[in-house]
Number of protein chains: 2
Amino acid sequence: MDDNHLMFCNGKQHMMERFMEVCLLLLLYDETGYGYGLVERLSFFGFSEEQLNIGSLYRTLRKMENESLVTSLWEEGGQGPRRRVYQITETGKVELGRWIDILKMRKARIEKLIGVYDSKTGK
Amino acid sequence: MDDNHLMFCNGKQHMMERFMEVCLLLLLYDETGYGYGLVERLSFFGFSEEQLNIGSLYRTLRKMENESLVTSLWEEGGQGPRRRVYQITETGKVELGRWIDILKMRKARIEKLIGVYDSKTGK
DNA sequence: ATTAATATATGCATAATGCATATAGATACC
DNA sequence: GGTATCTATATGCATTATGCATATATTAAT
């Protein structure tokens with residue numbers, strides 16, 4: 001069972017975009033980024049480039065801007081198509097901190113569940 | 001910040017029902033259960049009884065039955081209103097095993113993300 | 001010219017999910 | 001006997017999440 005398959009259960013994908021949001025906040029924490037370029041940087045967090053839904057990525061970024069977690073501006077004078085460059089806000093950093101707390105709790109709950117599973121299946 | 005609050009970010013709740021599904025499969029792994037009674041047993045996995053959406057619980061159980069992960073029958077001769085009692089299927093046990101794999105990977109990704117956060121914020 | 005790569009964005013359908021509400025039997029209490 | 005409460009299951013509605021397909025435009029390569 002490869003990593004890609006592990007993101008699925010019952011033929012459906014689950015809960016990628018919200019985790020993506022946290023990864024994006026973290027990637028933007030200390031440097032700016034633009035949609036297409038963030039694809040590569042997201043792969044570090046387990047989003048394979050083939051599997052990643054680029055439409056979701058753009059929509060997530062715009063939604064985050066709408067919630068004032070990031071700001072964006074069109075890059076000046078680069079070659080190639082224009083890039084919308086995103087920067088995290090203070091609100092975004094606070095939100096990231098909240099997400100970290102949530103993820104720590106979620107991790108604890110997962111560990112608890114796995115512990116029960118192992119005890120029931122004798123592993 | 002209490003546990004309840006930790007389930008929220010930006011005023012919205014996230015991703016409870018799918019995790020609930022895995023908890024339900026695990027709770028039904030070695031004994032049967034019915035909706036209302038499972039509320040209490042779910043609290044072990046961090047679902048507080050006040051906060052838990054009972055409507056979601058029933059819908060999740062019916063959906064799981066629809067997917068052949070569990071079967072149900074009306075309990076015979078108990079006192080009080082009738083109970084729809086659920087039992088896990090072999091399919092459900094296989095599905096639970098798949099979910100455990102997914103949760104292990106998700107846990108690893110969370111740990112990775114927290115590691116990066118800590119390194120960026122100097123904790 | 002045509003194709004491919006880079007780059008951003010929207011439309012549509014389905015699933016997830018909180019909140020409110022409906023239904024109904026059993027029990028307690030006055 | 002009537003009423004409130006607890007137990008128990010279920011549905012309707014609105015919003016959000018999310019995959020898939022598609023549209024648009026610039027630049028580079030052939």
Side-chain angles (χ1 to χ4, degrees), chain A residues 4-5 7-24 32-42 47-67 69-70 72-86 99, chain B residues 4-5 7-24 32-42 47-67 69-70 72-86 99:
Chain A
N4 271 2
H5 186 73
M7 299 313 302
F8 295 83
C9 211
N10 212 17
K12 284 165 255 165
Q13 246 181 324
H14 302 297
M15 308 177 190
M16 297 300 292
E17 204 157 323
R18 289 308 250 166
F19 188 72
M20 190 202 289
E21 184 178 321
V22 190
C23 293
L24 288 171
T32 61
Y34 65 100
Y36 203 82
L38 284 162
V39 173
E40 200 179 340
R41 294 169 68 192
L42 275 172
F47 295 89
S48 72
E49 298 192 26
E50 325 85 59
Q51 186 200 335
L52 176 70
N53 184 346
I54 185 79
S56 288
L57 173 58
Y58 283 110
R59 262 182 313 177
T60 301
L61 285 167
R62 300 313 301 275
K63 193 195 62 169
M64 287 162 69
E65 186 171 24
N66 211 254
E67 291 165 350
L69 305 179
V70 294
S72 78
L73 44 89
W74 289 102
E75 193 182 51
E76 310 266 349
Q79 75 267 57
R82 287 185 309 166
R83 295 171 174 177
R84 184 187 284 279
V85 176
Y86 287 92
W99 268 116
Chain B
N4 270 3
H5 185 74
M7 299 313 302
F8 294 83
C9 209
N10 213 16
K12 284 164 253 165
Q13 247 181 324
H14 301 297
M15 307 175 191
M16 297 301 291
E17 204 156 325
R18 289 307 250 166
F19 188 72
M20 191 203 287
E21 183 179 319
V22 189
C23 292
L24 288 171
T32 61
Y34 64 100
Y36 202 83
L38 284 162
V39 172
E40 199 180 339
R41 294 169 68 191
L42 275 172
F47 296 88
S48 72
E49 297 191 27
E50 325 87 60
Q51 186 200 336
L52 177 70
N53 185 343
I54 185 78
S56 287
L57 173 59
Y58 283 111
R59 264 182 311 176
T60 302
L61 286 167
R62 300 312 301 275
K63 193 196 62 169
M64 287 163 69
E65 185 171 25
N66 212 254
E67 291 165 351
L69 305 179
V70 294
S72 79
L73 45 90
W74 291 102
E75 193 183 49
E76 309 267 350
Q79 74 267 58
R82 286 185 311 166
R83 296 171 172 177
R84 185 186 284 279
V85 176
Y86 288 92
W99 268 116

Quiz prompt | Any side-chain donor near an acceptor of the partner, A/T60 and A/E21, under 3.5 Å | solution =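 Judged by distance alone, the side chains do not pair up.
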
Mind calculating the distance between [atom1] ([X]) and [atom2] ([N]) to the nearest angstrom?
| X | N | atom1 | atom2 | answer |
| --- | --- | --- | --- | --- |
| B/Y58 | D/dT7 | OH | P | 11 Å |
| B/I54 | D/dT9 | CD1 | P | 8 Å |
| A/R59 | D/dA23 | CZ | P | 17 Å |
| B/R82 | C/dA26 | CZ | C1' | 14 Å |
| A/L57 | C/dT10 | CG | P | 14 Å |
| A/M64 | C/dT8 | CE | P | 15 Å |
| B/Q79 | D/dT7 | CD | C1' | 11 Å |
| A/R84 | D/dT26 | CZ | P | 16 Å |

Quiz item: Between A/L38 and A/L61, does a side-chain contact (heavy atoms from CB on, under 4.5 Å) hold up when you go through it step by step?
Solution: CA-CA 10 Å; A/L38 284 162; A/L61 285 167; 4.2 Å; yes

If you check the [X] side chain, which of [options] turns out closest?
| X | options | answer |
| --- | --- | --- |
| B/R62 | C/dT8, C/dT17, D/dA10 | D/dA10 |
| B/N53 | C/dA9, D/dT18, C/dG18 | C/dG18 |
| A/Y86 | C/dA9, C/dG11, C/dG18 | C/dA9 |

Exercise. Using a cut-off of strictly less than 4.0 Å, decide whether B/S56 has a side-chain nitrogen or oxygen near OP1 or OP2 of C/dT17.
Key: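 No, outside the criterion.
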
Practice problem: Quick one: list whatever passes side-chain hydrogen bond (donor to acceptor under 3.5 Å, both in side chains) with B/R82, sequence neighbours left out. | Solution: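 side-chain hydrogen bond (donor to acceptor under 3.5 Å, both in side chains) list for B/R82, sorted by chain: empty.
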
Could you list all N or O pairs between the protein and nucleotides 3-6 of chain C that sit under 3.5 Å apart?
residue : atom : partner : partner atom : Å
C/dT6   : OP2  : A/Y36   : OH           : 3.4

Exercise. Please report how far the helix from C/dA1-D/dT30 to C/dC30-D/dG1 bends, comparing the axis fitted to its first five pairs with the axis fitted to its last five, to the nearest 10 degrees.
Key: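 The value is 10°.
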
Quiz item: To the nearest 0.5 Å, what is the distance between OH (B/Y86) and CZ (B/R62)?
Solution: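 Going from OH on B/Y86 over to CZ on B/R62, the span is 4.5 Å.
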
Quiz item: What's the verdict on side-chain contact (heavy atoms from CB on, under 4.5 Å) for B/Y58 and B/Y36, showing C-alpha distance, side-chain angles and the deciding distance?
Solution: CA-CA 9 Å; B/Y58 283 111; B/Y36 202 83; 3.7 Å; yes

Quiz prompt | B/L24/B/M20 under side-chain contact (heavy atoms from CB on, under 4.5 Å): CA gap, chis, key distance, verdict | solution = CA-CA 6 Å; B/L24 288 171; B/M20 191 203 287; 4.1 Å; yes

Quiz item: Salt bridge or not for B/R84 and B/E75, using N-O below 4.0 Å?
Solution: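 B/E75 and B/R84: not salt-bridged.
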
Exercise. Would you indicate what A/G37 reaches in the nucleic acid, counting non-hydrogen atoms under 4.0 angstrom: base, sugar-phosphate, or nothing?
Key: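 Contact class for A/G37: none.
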
